[in-house]
Amino acid sequence: MSLSRLVYDLFIRVYVAGIRLAALFNPKARLWLSGRRDWRHHLRESLGERRVDLWIHCASLGEFEQGRPVIEALRETHPGMTILLTFFSPSGYKIRKDYALADHVCYLPLDTARNAHDFITMINPRIVIFVKYEFWLHFITELHQRETPVLLISAIFREDQIFFRWYGSRFLRLLACYERIFVQDEHSRQILENHGISRVTIAGDTRFDRVRKIAREASAIPAIDAFVAGGRTIVAGSTWPGDDEAIFPCLEQMDKWVIAPHEVNEPRLRRLEKRFPGQTVRYSRM
């Protein structure tokens with residue numbers, strides 16, 4: 001066993017220990033743990049003896065929106081295919097666990113050698129698609145050993161990622177396991193090719209396909225229409241607390257803002273309201 005794999009496996013164990021500790025006071029961490037409990041039983045009960053034609057994995061809700069156009073296109077051209085959709089984060093699973101175009105939706109088990117072997121043996125996928133930043137060592141290695149085609153879509157790469165560091169050679173080899181990597185831009189393609197990864201295609205960001213479809217099918221929201229009427233408005237979607245530092249200095253330059261936090265919870269909403277006391281209104285109260 002290589003040193004890099006030992007370090008990786010140790011990191012996974014430490015990560016789980018941290019999640020278990022956080023679960024004592026963090027609801028999201030509790031969901032992360034409970035959603036993976038008895039996953040073998042739940043998966044077997046849901047799929048039975050069916051072989052999965054397509055397994056698509058998304059980290060969270062944002063990555064799902066990138067994978068969704070692909071699922072919809074494949075479902076339209078291959079209506080009878082069995083599709084398994086997995087998530088890493090409760091943020092994605094909680095909202096899309098009943099997604100109609102997937103035959104089964106579940107959490108991705110923790111990336112250990114045993115889990116990867118058992119999971120892939122059970123679903124026996126014909127093809128696998130990972131979205132954007134999903135690089136799970138044991139799952140990808142197991143799929144590669146079984147000669148199962150694995151694609152990565154809407155990917156984006158930077159020189160400072162672990163693959164391209166002096167200590168990241170094991171993970172660089174992992175990228176070579178993908179049948180094809182579809183990147184968002186020329187810069188990402190160039191980085192990969194400079195490091196010997198040639199099965200790369202520039203395909204853009206599939207999230208734009210999703211946005212275009214939403215725009216075509218959009219219906220009016222009367223409360224929002226009334227709110228933005230008569231003024232310049234900027235919509236800031238899926239924002240994190242760190243984004244606030246960029247948004248706040250610009251708030252007074254526009255007449256109105258619609259801010260949709262990535263995590264919608266009371267502390268997050270109160271922080272936004274505190275910044276502009278008496279000048280905000282929650283959508284749930286409109």
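When reading the values below, keep in mind they use all heavy atoms of this one structure, side chains included, and skip hydrogens, waters and symmetry mates. Position 1 is the first residue of the sequence, and the numbers go up from there.
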Looking only at atom types and distance, does a side-chain atom of D103 sit under 3.5 Å from a main-chain N or O of L84, one as donor and one as acceptor? no
Applying side-chain hydrogen bond (donor to acceptor under 3.5 Å, both in side chains) to E179 and not counting sequence neighbours gives none
Review point. Does atom CZ of R13 have more than 12 heavy-atom neighbours from other groups under 6.0 Å away?
Key: no
d(C106 SG, I123 CD1) to nearest 0.5 Å is 8.0 Å
- Query: Taking C-beta and beyond as the side chain, do N124 and I120 meet within less than 4.5 Å on heavy atoms?
  - Reply: no
Those residues at least two apart in sequence (or on a different chain) that pass side-chain hydrogen bond (donor to acceptor under 3.5 Å, both in side chains) with R146 are T121, E142
(message) Does any part of the side chain of I181, heavy atoms only, come nearer than 4.5 Å to the side chain of T201, both counted from C-beta?
(response) no
Determine yes or no for a side-chain-to-main-chain donor-acceptor pair under 3.5 angstrom, with R75 supplying the side chain and L101 the backbone.
yes
Does any N or O in the side chain of R40 come within less than 3.5 Å of the main-chain N or O of D118, such that one atom is a donor and the other an acceptor?
-> no
### CZ/F248: more than 12 non-hydrogen atoms of other groups inside 6.0 Å
yes
Exercise for the section: Apply the test side-chain hydrogen bond (donor to acceptor under 3.5 Å, both in side chains) to residues K94 and S89: give CA-CA distance (whole Å), side-chain angles for both, the deciding distance (0.1 Å), then the verdict. Expected result: CA-CA 9 Å; K94 185 168 60 174; S89 167; over 6 Å; no
Establish whether I156 and Y178 are linked, either directly or via other cluster members, by ILVMFWY side-chain heavy-atom contacts under 4.5 Å.
-> yes
To the nearest 0.5 Å, atom CD1 of I191 lies from atom CD of E159 at 4.5 Å
Margin query: Less than 6.0 angstrom separating the ring centers of Y8 and W136, yes or no?
Written below: no
Next on the checklist: Any non-hydrogen side-chain atom of L151 less than 4.5 Å from a side-chain atom of V128?
Outcome noted: no
| Cluster link V264 to F87, ILVMFWY, side chain under 4.5 Å | no
Can you tell me if CD on E186 sees more than 12 non-hydrogen neighbours from other groups inside 6.0 Å? yes
*Please answer whether the main-chain N or O of F139 pairs with a side-chain N or O of D111 as donor and acceptor at a distance below 3.5 Å.*
yes
_Looking at S154 and T206, would you say the former's side chain and the latter's main chain have a donor-acceptor pair under 3.5 Å?_
yes
Smallest heavy-atom separation, K132 atom then R207 atom, equals NZ-NH2, 4.4 Å
Q.
With heavy-atom distances below 4.5 Å as the criterion, would you say the side chains of H117 and H138 are in contact?
A. no
Do V150 and I127 land in one hydrophobic cluster if side-chain heavy atoms of ILVMFWY residues count as linked below 4.5 Å? no
Any donor-acceptor pair under 3.5 Å linking the side chain of N115 with the backbone of L110? yes
- Item | Connected via hydrophobic side-chain network under 4.5 Å: I140 and L152 | yes
Measure the shortest side-chain to side-chain distance between F130 and F135 over non-hydrogen atoms and say whether it is less than 4.5 angstrom.
no
Could you go through the side-chain hydrogen bond (donor to acceptor under 3.5 Å, both in side chains) check for R96 and S60 one step at a time? CA-CA 10 Å; R96 293 302 176 191; S60 191; over 6 Å; no
Give a yes or no on whether the ring-centroid distance for F119 and W55 is below 6.0 angstrom.
-> yes
Check: R20 and L33 side chains under 4.5 Å, non-hydrogen atoms: yes
Would you call E245-R271 a salt bridge at under 4.0 Å N-O?
yes
Quiz item: Is there a donor-acceptor pair under 3.5 Å between the side chain of K256 and the backbone N or O of F227?
Solution: yes
Sorted by chain and number, sequence neighbours left out, side-chain hydrogen bond (donor to acceptor under 3.5 Å, both in side chains) with E266 holds for R270, R282
Whether the side chain of D38 engages the backbone of H41 through a donor-acceptor N/O pair (distance < 3.5 Å, no angle test) should be reported. no
> Side chains of P125 and L143: does their closest heavy-atom pair fall under 4.5 Å?
Replying inline: yes
Shortest non-hydrogen pair, R180 vs V200, comes out as NH1-N, 3.1 Å
Notebook entry, point to check: So does R189 pair up with D185, basic N to acidic O under 4.0 Å?
Noted result: no
Open item on the list: Please report whether the ring centroid of Y99 lies less than 6.0 Å from that of F64.
Closed with: yes
| Ring centers of Y93, F88 separated by less than 6.0 Å | no
Nearest heavy-atom contact between R199 and A176 is NH2-O, 2.8 Å
Determine whether a donor-acceptor pair (N or O, by modelled atom type, separation under 3.5 Å) exists between the side chain of E72 and the backbone of P69. no
| Do the non-hydrogen side-chain atoms of T82 and L54 ever get within less than 4.5 Å of each other? | no
| query | With no hydrogens and no angle check, is any side-chain donor or acceptor of R36 less than 3.5 Å from a backbone partner on L108? | reply | yes
Worksheet item: When the ring planes of F164 and F157 are compared, do they come out parallel, tilted or perpendicular, using 30° and 60° as the limits?
Response: perpendicular
